[in-house]
Amino acid sequence: MNSVFETALIGKHVVIIGGSSGMGKATAKLAVALGAKVTIASRSLAKLEAAAADIGGGVQIAPVDTTNETGMKSWASGLEKVDHLVISASSAARGAFAELPTTDLRAMFEAKFIGPYVAAREVLPVLTEGGSITFFSGVLSRRPSAGATGLGAVNAAVEALSKGLALELSGRARVNCISPGMVATEAYAAMSNEAREAMFAQVGNSLPVRRIGEAEDIAQAVIMAMTNGYLTGAVLDVDGGHLVRG
Ligand SMILES: NC(=O)c1ccc[n+]([C@@H]2O[C@H](COP(=O)([O-])OP(=O)(O)OC[C@H]3O[C@@H](n4cnc5c(N)ncnc54)[C@H](OP(=O)(O)O)[C@@H]3O)[C@@H](O)[C@H]2O)c1
């Protein structure tokens, strides 16, 4: 990493909603290593405590649920100042168009779009001038997959939110969106080991980089989105070439 990466986060307060797992946790680790003061937030206190022990560096924890608007308001109003907000919290619902229950579709939009929208809105009053917000979408917004149409749509909504907010916050804060391809995280923990490894191998072999992503691949991009003062309104495709694969 160059010197900008090495110094830009020293003493900065980085809040990562979704930081107890996967790419959020990897981002927390990297931010701590770069000298930031990091707060990780998610619903499960047990997951937060385990993640904090793993990350080290005095990381703070905050049990919050982005889908609980009252809880989000109360938590955010107690924050003193935030330099960089990252929102990787989400849950995904998959299913064929005609079969995905509407309740599952609504729950996914609550967790992946409305929750992050509310979280960003409530943290905004304490976001420092020149700070940043980083949202997460996913490759399915522009590379659809049968059985994941709803997930593609919610990803597209998050990308539109990021771009619109970048404009609304011009001169005040930068807003970007990370669009990961397939990344080996706890998000796939419900699958059997065999099915998961087979899927990872099959997708990895189809990509120009010949592997699926690691959470650390994405963490590097999040740090770049936080620290590059010329980057706003961008969707960063950190996907191993998924969008251009044959
Ligand atoms: N992994 C992939 O292959 C992939 C591909 C494309 C896009 N993405 C996107 O990338 C982002 C990060 O994915 P990941 O794989 O790193 O996820 P992950 O490992 O499943 O972690 C999700 C995190 O969000 C928290 N969370 C979930 N719902 C929440 C809520 N309502 N309020 C607060 N926290 C909540 C979880 O902790 P608690 O359970 O404690 O709440 C956890 O810390 C997500 O937006 C995902 O959709 C992932």
Side-chain angles (χ1 to χ4, degrees), residues 9 12-34 36-80 82 84-94 103-104 106-120 122-123 126 133-136 138 151 154 158 178 180 182-197 199-200 212-219 222-223 226:
L9 288 183
K12 301 292 185 189
H13 186 198
V14 174
V15 172
I16 303 171
I17 305 176
S20 67
S21 171
M23 302 177 229
K25 183 173 150 191
T27 302
K29 269 190 187 171
L30 191 47
V32 164
L34 292 168
K37 291 183 282 181
V38 175
T39 301
I40 55 171
S42 78
R43 295 165 301 180
S44 157
L45 182 60
K47 273 168 77 171
L48 285 166
E49 287 174 343
D54 183 27
I55 296 164
V59 67
Q60 299 291 304
I61 60 172
V64 299
D65 181 343
T66 60
T67 66
N68 176 347
E69 189 166 349
T70 311
M72 287 307 296
K73 280 180 190 291
S74 156
W75 168 65
S77 66
L79 291 170
E80 269 190 13
V82 176
H84 301 286
L85 174 65
V86 178
I87 309 172
S88 60
S90 86
S91 57
R94 290 170 193 271
T103 46
D104 292 4
R106 283 190 207 282
M108 176 172 63
F109 268 81
E110 278 288 339
K112 178 132 188 167
F113 178 76
I114 296 175
Y117 184 116
V118 167
E122 296 307 321
V123 172
V126 292
I133 301 173
T134 306
F135 292 102
F136 272 72
L151 184 51
V154 73
V158 175
I178 303 290
M182 185 170 280
V183 180
T185 70
E186 293 88 327
Y188 299 102
M191 296 175 77
S192 72
N193 285 349
E194 200 179 27
R196 186 173 57 242
E197 291 313 316
M199 180 182 74
F200 284 172
I212 62 154
E214 299 295 333
E216 293 72 19
D217 294 319
I218 303 333
V222 180
I223 299 292
M226 281 183 213

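In this chain, numbering begins with 1 at the start of the sequence shown.
- In terms of the side chain to side chain donor-acceptor pair (under 3.5 Å) criterion, residue partners of S20 (sequence neighbours excluded) are, by chain and number, S42.
- Annotation: side chain to side chain contact (heavy atoms under 4.5 Å, CB included) contacts of V118 (sequence neighbours excluded): E69, M72, I114, R121, E122.
- Side-chain contact between I178 and I218 is present, with at least one heavy-atom pair separated by less than 4.5 Å.
- A pairwise comparison of heavy atoms in L30 and I223 identifies CD2-CG1, 3.6 Å as the closest pair.
- With L45 as the partner, the side chain to side chain contact (heavy atoms under 4.5 Å, CB included) test is satisfied by one option alone out of R43, E49, K47: E49.
- Scanning all heavy atoms of the two residues, the minimum distance from A51 to G19 falls at CB-O, 4.4 Å.
- Residues I40 and I55 form a side-chain contact, since some pair of their non-hydrogen atoms from C-beta on lies under 4.5 Å apart.
- For the atom pair OG1 (T27) and CG (L34), the distance works out to 11.0 Å, reported to the nearest 0.5 Å.
- In this view, S192 and E194, A195 satisfy the side chain to side chain contact (heavy atoms under 4.5 Å, CB included) rule, not counting sequence neighbours.
- Annotation: side chain to side chain contact (heavy atoms under 4.5 Å, CB included) contacts of A26 (sequence neighbours excluded): A215, E216, A219.
- Annotation: the span from I87 atom CD1 to I133 atom CD1 amounts to 6.5 Å, rounded to 0.5 Å.
- Considering every non-hydrogen atom in both T66 and A119, the closest pair reads CG2-CB, 4.3 Å.
- Side-chain atoms of T39 and H13 include a donor-acceptor pair closer than 3.5 Å.
- Residues forming a salt bridge (Lys or Arg N to Asp or Glu O under 4.0 Å) with K29 (at least two apart in sequence, or on another chain): D54.
- The salt bridge (Lys or Arg N to Asp or Glu O under 4.0 Å) search around D217 returns R211, not counting sequence neighbours.
- Checked against side chain to side chain donor-acceptor pair (under 3.5 Å), R196 has the following partners two or more places apart in sequence or in another chain: N193.
- Using a 4.5 Å heavy-atom cutoff, the side chains of V222 and M23 are not in contact.
- Going from atom CG of N68 over to atom CD of E110 covers 10.5 Å, rounded to the nearest 0.5 Å.
- At least one side-chain heavy atom of M182 sits under 4.5 Å from a side-chain heavy atom of M199.
- Side chains of H84 and L9 form a contact here, defined as non-hydrogen atoms less than 4.5 Å apart.
- In this structure, CZ on F113 lies 8.5 Å from CZ on F135, to the nearest 0.5 angstrom.
- Considering CG of D65 and CH2 of W75, their distance stands at 12.0 Å, rounded to 0.5 Å.
- Legend: side-chain hydrogen bond (donor to acceptor under 3.5 Å, both in side chains) pairs involving residues 182-191, not counting sequence neighbours, sorted by first then second residue: S21-E186.
- With sequence neighbours excluded, no residue satisfies salt bridge (Lys or Arg N to Asp or Glu O under 4.0 Å) with K112.
- Minimum interatomic distance between V64 and A41 (heavy atoms only, all atoms of both residues): CG2-CB, 3.7 Å.
- Exactly one residue among T134, I17, I16 makes a side chain to side chain contact (heavy atoms under 4.5 Å, CB included) with L85. That residue is I17.
- Judged purely by atom type and a 3.5 angstrom limit, S74 has no side-chain atom pairing as donor or acceptor with the backbone of T70.
- Residues L151 and A93 share a closest heavy-atom pair of CB-O, 4.2 Å.
- Residues satisfying the side chain to side chain contact (heavy atoms under 4.5 Å, CB included) criterion with A107, sequence neighbours excluded, are absent altogether.
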